[in-house]
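Report on the structure given below.
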2 protein chains.
Amino acid sequence: MDTTQRTDQQTSAERRRRELLEAADRVVLRDGPGASMNAIAAEAGITKPILYRHFGDKGGLYAALAKRHTDALLDSLRAALDAPADRRERVEATLDTYLSAIEARPQVYRFLMHPAEETQSDQGFDVGKHSAPLLRRMGEELAQVIGERLDLGPGGQQLARVWGHGIVGMMHAAGDWWLGERPCSRAELVRSLADLLWGRLAAAGDKVGGPGF
Amino acid sequence: MDTTQRTDQQTSAERRRRELLEAADRVVLRDGPGASMNAIAAEAGITKPILYRHFGDKGGLYAALAKRHTDALLDSLRAALDAPADRRERVEATLDTYLSAIEARPQVYRFLMHPAEETQSDQGFDVGKHSAPLLRRMGEELAQVIGERLDLGPGGQQLARVWGHGIVGMMHAAGDWWLGERPCSRAELVRSLADLLWGRLAAAGDKVGGPGF
DNA sequence: ACTCGGGGTTACCGCAAGTAACATGCACGT
DNA sequence: ACGTGCATGTTACTTGCGGTAACCCCGAGT
């Protein structure tokens with residue numbers, strides 16, 4: 001049958017692709033984001049041109065790899081964000097989910113934040129798109145949730161987008177720093193960040209003797 | 001005299017170094033972060049090995065280059081942070097200073113956030129240090145200001161550090177996204193971010209019909 | 001029997017990082 | 001005046017990576 005045939009071919013190609021991605025995953029997790037195409041091909045038991053046939057170029061492979069992990073992480077985050085609980089609890093759950101993920105698999109995290117490096121772009125200098133797609137996607141996702149659930153008055157959608165990206169950036173930078181220095185427990189970090197979002201910065205009193213920050 | 005001699009040599013070497021850095025700056029700003037050592041050497045009117053004598057490797061050159069810009073930006077930020085005004089105004093001034101800087105010279109900004117890529121690190125996987133040094137330095141600086149001016153009770157120093165890195169991350173991610181999409185004016189962005197820091201997220205009401213975010 | 005297409009390989013190109021070995025010129029001690 | 005350093009510079013090379021061209025093999029369809 002024509003359809004089954006076509007399906008077989010498709011599944012075969014897709015299975016290959018998944019095998020290659022898994023091999024690439026192992027190598028990237030072992031050797032870091034600088035893993036060479038040769039190394040990945042060797043791990044998969046084949047040679048370079050096949051990788052290029054499947055993914056076009058290194059950027060394509062890395063994008064496919066990143067998409068898998070990004071999708072997985074975003075699913076967890078959505079779950080935490082949609083849990084039935086009050087706002088503060090959900091914010092804390094989401095922060096904790098993200099931090100757990102980067103804590104459990106720092107190599108994956110590092111790879112996602114440091115994507116293909118795009119060799120040299122033309123002098124167009126695509127500033128604004130250089131950031132890791134993961135950050136952008138998380139920002140948009142969060143913006144959407146905020147925008148559809150909170151009543152922010154006129155201009156609320158735009159505000160939600162700013163906040164989405166801002167909060168994600170806060171989470172990311174704090175998490176990155178925390179992962180390197182481990183200055184406190186994860187729970188404390190989550191609490192501190194939630195406190196920040198809850199306006200404790202504005203509410204805090206000045207220290208004696210000078211104008212407060 | 002021995003000292004004068006040594007001084008002359010030092011100043012000569014340092015002047016050379018500055019000339020090279022300025023040439024490198026021009027090339028990086030023109031060709032992007034992927035500029036080759038050959039191109040930089042050519043711009044400086046010399047050849048590769050001299051660059052290597054001065055900076056060790058590409059990472060060294062890029063680090064030196066980044067330090068210059070980072071120092072300059074941090075000076076502006078410190079000025080905004082230390083201005084005589086109330087807390088909210090200072091926060092807004094600092095945000096605006098940062099955003100002005102990245103808006104005025106996006107190439108510099110992009111270069112600073114996407115440093116040398118450190119080829120392949122040993123499997124130690126130095127997670128936590130991969131982030132741009134600029135972000136770390138800004139975070140520490142802000143943490144210090146917060147810690148020394150705000151009365152945050154017990155554990156306040158740690159809280160200040162978390163907030164410093166978190167706020168810087170927020171500023172960075174929002175700025176990066178804003179630079180790419182330009183969804184609003186700079187002033188609006190500053191206002192929105194300050195509102196976020198002032199707890200409007202926690203204070204906002206739910207939209208009709210469901211539990212709020 | 002034949003060709004045709006998917007999956008595979010070897011061998012190569014171009015280019016960039018980094019280095020070794022060689023040249024040049026200018027100040028010094030003798 | 002003369003060699004001796006030493007900083008400054010060059011050419012020419014090695015290595016390793018991304019990417020590609022050309023060829024190969026084998027099973028299926030006619």
Side-chain angles (χ1 to χ4, degrees), chain A residues 1-21 23-24 27-28 30-65 114-122, chain B residues 1-21 23-24 27-28 30-65 114-122:
Chain A
M1 209 193 207
D2 189 41
T3 55
T4 41
Q5 218 173 302
R6 200 181 276 162
T7 313
D8 284 356
Q9 286 172 215
Q10 274 194 355
T11 56
S12 141
E14 283 176 13
R15 263 193 20 206
R16 246 324 172 261
R17 189 188 167 92
R18 281 184 47 190
E19 288 172 17
L20 298 184
L21 276 179
V27 176
V28 166
R30 169 162 34 86
D31 297 352
S36 82
M37 293 298 265
N38 260 326
I40 293 172
E43 170 74 26
I46 43 104
T47 51
K48 270 195 299 177
I50 303 183
L51 285 180
Y52 285 95
R53 285 231 242 278
H54 273 269
F55 300 103
D57 62 353
K58 189 170 184 168
L61 204 181
Y62 274 41
L65 211 50
H114 243 308
E117 193 63 7
E118 75 279 355
T119 53
Q120 85 275 10
S121 59
D122 44 327
Chain B
M1 203 186 190
D2 189 41
T3 56
T4 41
Q5 216 174 300
R6 202 180 277 163
T7 313
D8 283 357
Q9 287 172 218
Q10 275 195 352
T11 56
S12 142
E14 284 176 12
R15 260 193 23 205
R16 240 337 164 252
R17 188 187 168 90
R18 280 185 47 190
E19 289 173 16
L20 297 184
L21 276 178
V27 176
V28 166
R30 170 161 35 86
D31 297 352
S36 83
M37 293 298 264
N38 259 325
I40 294 172
E43 171 73 28
I46 44 103
T47 50
K48 268 194 300 177
I50 303 183
L51 285 180
Y52 284 96
R53 285 233 245 277
H54 274 268
F55 300 103
D57 62 353
K58 189 171 184 166
L61 204 181
Y62 274 41
L65 211 51
H114 241 306
E117 193 62 6
E118 75 276 357
T119 52
Q120 86 274 12
S121 60
D122 44 327

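Each chain gets a letter, A, B and so on, in the order the sequences are listed, and its residues count up from 1.
Side-chain N/O atoms of B:Arg16 include none lying less than 4.0 angstrom from OP1 or OP2 on D:dA7.
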Test side chain to side chain contact (heavy atoms under 4.5 Å, CB included) on B:Val28 and B:Tyr62; report intermediate values, then the result. CA-CA 9 Å; B:Val28 166; B:Tyr62 274 41; 4.0 Å; yes
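Note: OH (B:Tyr62) to P (C:dA16) measures 11 Å, nearest angstrom. In this structure, CZ of A:Phe55 is placed 16 Å from C1' of D:dG18, rounded to the nearest angstrom. Across the protein-nucleic acid pair, A:Leu51 atom CG and C:dG8 atom C1' stand 12 Å apart, rounded to whole Å. What separates OH of B:Tyr52 from P of D:dT8 is a distance of 19 Å, to the nearest Å. The NE2 atom of B:His54 sits 12 Å away from the P atom of D:dT10 (whole-angstrom rounding). Rounded to whole angstrom, the span from the CG atom of A:Leu61 across to the C1' atom of D:dC17 amounts to 15 Å. Put simply, CD on B:Glu19 is 13 Å from C1' on D:dT8, counting in whole angstrom units. Atoms NZ (B:Lys58) and P (C:dA16) sit 9 Å apart, rounded to a whole Å.
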Output a table of donor-acceptor pairs, distance under 3.5 Å, between side-chain atoms of residues 33-43 of chain B and any protein atom two or more places apart or on a different chain; print 'none' if there are none.
unit_1: B:Ser36; atom_1: OG; unit_2: B:Asn38; atom_2: N; d: 3.4
unit_1: B:Ser36; atom_1: OG; unit_2: B:Ala39; atom_2: N; d: 3.0
unit_1: B:Glu43; atom_1: OE1; unit_2: B:Arg30; atom_2: NH2; d: 3.0
unit_1: B:Glu43; atom_1: OE2; unit_2: B:Arg26; atom_2: NE; d: 2.6
unit_1: B:Glu43; atom_1: OE2; unit_2: B:Arg26; atom_2: NH2; d: 3.3

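Residues passing the salt bridge (Lys or Arg N to Asp or Glu O under 4.0 Å) test with A:Arg17: none are found, sequence neighbours excluded. B:Arg16 meets the salt bridge (Lys or Arg N to Asp or Glu O under 4.0 Å) test with B:Glu19; sequence neighbours excluded.
Contact check of residues 37-50 of chain B against DNA chain D (heavy atom, cut-off under 4.0 Å) returns B:Ile46, B:Thr47, B:Pro49, B:Ile50.
Note on the helix from C:dA1-D:dT30 to C:dT30-D:dA1: angle between the axes of the first and last five pairs equals 30°, rounded to 10 degrees.
Side-chain to base pairing of A:Arg53 with C:dG8: one donor and one acceptor N or O lie within less than 3.5 Å of each other.
Rounded to the nearest 0.5 angstrom, A:Phe55 CZ and A:Leu20 CG are separated by 5.0 Å. Note that NE2 of A:His54 and CZ of A:Arg18 are 13.5 Å apart. Values are rounded to the nearest 0.5 Å.
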